[in-house]
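Presented below is the structure to which this report refers.
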Amino acid sequence: MSSRNQNNTTAGLQDDRLLGIVLLSIVTTLPCCVFLYINGMMLFTLRSKAVFCETARYILLYNLLFAETVQLVVSQVLFLLAADRVVMTYPLCGFLTQLAAFTTTIAPLTLVVMSVERYVAVCYPLRHAGIVTVRNTDVAIILIWMFSFLNVLIRLLLLLELPFDNLLNLQVKGMCSRINIFVGPISDAYNKAFTCFVFTSAGVAIISSYIGVAAAARSASADKASAHKARNTLLLHLVQFGLNLSSIIYFPLLMTLSTVVTRAVLVHIQNIFYLFILIVPKCLSPLIYGLRDQSIRPVLMFYLCCRLRLSVVVVKSDVSSLACM
């Protein structure tokens with residue numbers, strides 16, 4: 001009887017754990033799918049018209065949205081693997097974490113270029129067309145991707161400092177994350193130095209652009225309406241940059257909280273942080289830039305509401321046919 005009761009208790013705990021995993025997966029996956037749909041429609045919108053493909057700020061916006069969409073997918077995959085407690089090998093975990101790191105670096109650097117473009121448009125309007133060209137924009141995006149890839153390459157080379165035996169079959173201890181895979185002192189120091197350098201430089205560049213545009217808006221020779229709009233755009237860049245910065249402190253913040261709260265409380269905090277720090281900010285870019293821009297907004301709303309309009313048309317046609325009968 002004791003053995004049977006123990007087996008029933010174990011089975012009940014396993015069922016409760018399975019139910020918790022399913023509910024957690026649904027709660028995080030549904031918003032992620034909605035945001036991916038919105039991001040996908042925004043990406044499709046930015047490639048639907050020639051003016052979006054031939055304007056620098058729209059090309060940069062596409063690059064930003066693409067990087068954030070990839071990061072959203074990778075983050076959700078890593079979260080589901082961690083929730084299901086899937087044990088992963090170092091190569092597979094390294095690929096996923098480095099893909100996330102790659103896209104994480106692209107986002108703030110793209111925001112810097114977007115801020116500089118607005119600064120040039122307001123402070124040097126006569127030279128804007130010659131400086132901010134499609135070719136120069138493509139070169140800037142290529143440099144951003146090369147810089148991000150160089151960071152990933154250095155991270156992978158730093159893994160050689162660790163005495164791994166049979167690396168291809170070696171399993172990661174705990175959940176797959178950047179903290180668990182890069183455990184060497186040199187890797188940790190490089191990660192902190194690179195993160196501080198990128199986000200400090202990006203923050204200084206965006207804030208400097210905002211100050212320059214704000215100063216130009218007060219001058220008598222500047223176009224007040226254009227300068228005011230550019231200043232609001234740079235303010236949105238600052239907000240977006242802050243959201244990107246919050247995703248960097250996600251794991252360090254959880255590590256700090258793990259020393260002061262219980263494991264059960266930490267799991268709930270982790271789920272809340274993941275949803276509002278990693279998931280929600282990735283959907284704000286299309287809402288901030290897409291709905292605000294008068295050129296993108298009607299096209300985006302058309303594609304987002306296309307199915308709804310088609311369904312209304314079909315229902316009306318069915319009602320009309322029934323009335324005729």
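Just the heavy atoms: all of them, side chains too, but no hydrogens, waters or symmetry mates, feed the values below. The structure displayed is predicted, hence computed values, not measured ones.
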Tell me whether Val299 shares a hydrophobic cluster with Phe44, the cluster being built from Ile, Leu, Val, Met, Phe, Trp, Tyr side chains joined at under 4.5 Å.
yes

Heavy-atom side-chain proximity of Asp138 to Val134 below 4.5 angstrom:
yes

Got Val70 and Phe102 here, is their nearest side-chain heavy-atom distance under 4.5 Å?
no

Partner of Ile144 under side-chain contact (heavy atoms from CB on, under 4.5 Å), chosen from Val112, Val139, Thr110:
Thr110

Does the side-chain contact (heavy atoms from CB on, under 4.5 Å) test come out yes or no for Leu238 and Leu234, once each step is laid out?
CA-CA 6 Å; Leu238 275 175; Leu234 288 174; over 6 Å; no

Under 4.5 Å between any side-chain heavy atoms of Met146 and Leu150, yes or no?
no

When you look at Leu72 and Gln76, which way does the side-chain contact (heavy atoms from CB on, under 4.5 Å) test go after all the steps?
CA-CA 6 Å; Leu72 179 61; Gln76 182 64 19; 5.7 Å; no

Is it true that Val198 and Val204 fall in one hydrophobic cluster, defined by side-chain heavy atoms closer than 4.5 Å?
no

Could you give me the CA-CA distance, side-chain angles and deciding distance for Phe66 and Ile106, then say whether side-chain contact (heavy atoms from CB on, under 4.5 Å) is met?
CA-CA 10 Å; Phe66 181 80; Ile106 291 176; over 6 Å; no

Does Thr103 reach the main-chain N or O of Ala100 with its side chain, forming a donor-acceptor pair under 3.5 Å?
yes

For Phe197 against Ser201, the heavy-atom pair lying closest together
O-OG, 2.7 Å

Beyond-backbone contact of Val51 with Ser295, side-chain heavy atoms, under 4.5 angstrom:
no

Arg118 versus Val213, closest heavy-atom pair with distance
O-CG2, 4.3 Å

Heavy-atom nearest pair, Thr137 first then Ala56, reads OG1-CB, 3.2 Å

Please collect all salt bridge (Lys or Arg N to Asp or Glu O under 4.0 Å) contacts where either partner lies in residues 190-207, sequence neighbours excluded, each pair once.
Asp188-Lys192

Please examine the side chains of Leu61 and Met42, heavy atoms only from C-beta on, and report whether any two atoms are closer than 4.5 Å.
yes

Restricting to ring pair (Phe, Tyr, Trp, His ring centres under 6.0 Å), what partner residues turn up for Phe199, sequence neighbours left out?
Phe241

Check: Leu96 and Leu81 side chains under 4.5 Å, non-hydrogen atoms
yes

Side chains of Arg127 and Val120, heavy atoms from C-beta outward: is any pair under 4.5 Å?
no

Set of ring pair (Phe, Tyr, Trp, His ring centres under 6.0 Å) partners for Phe194, sequence neighbours left out
Phe147, Tyr190

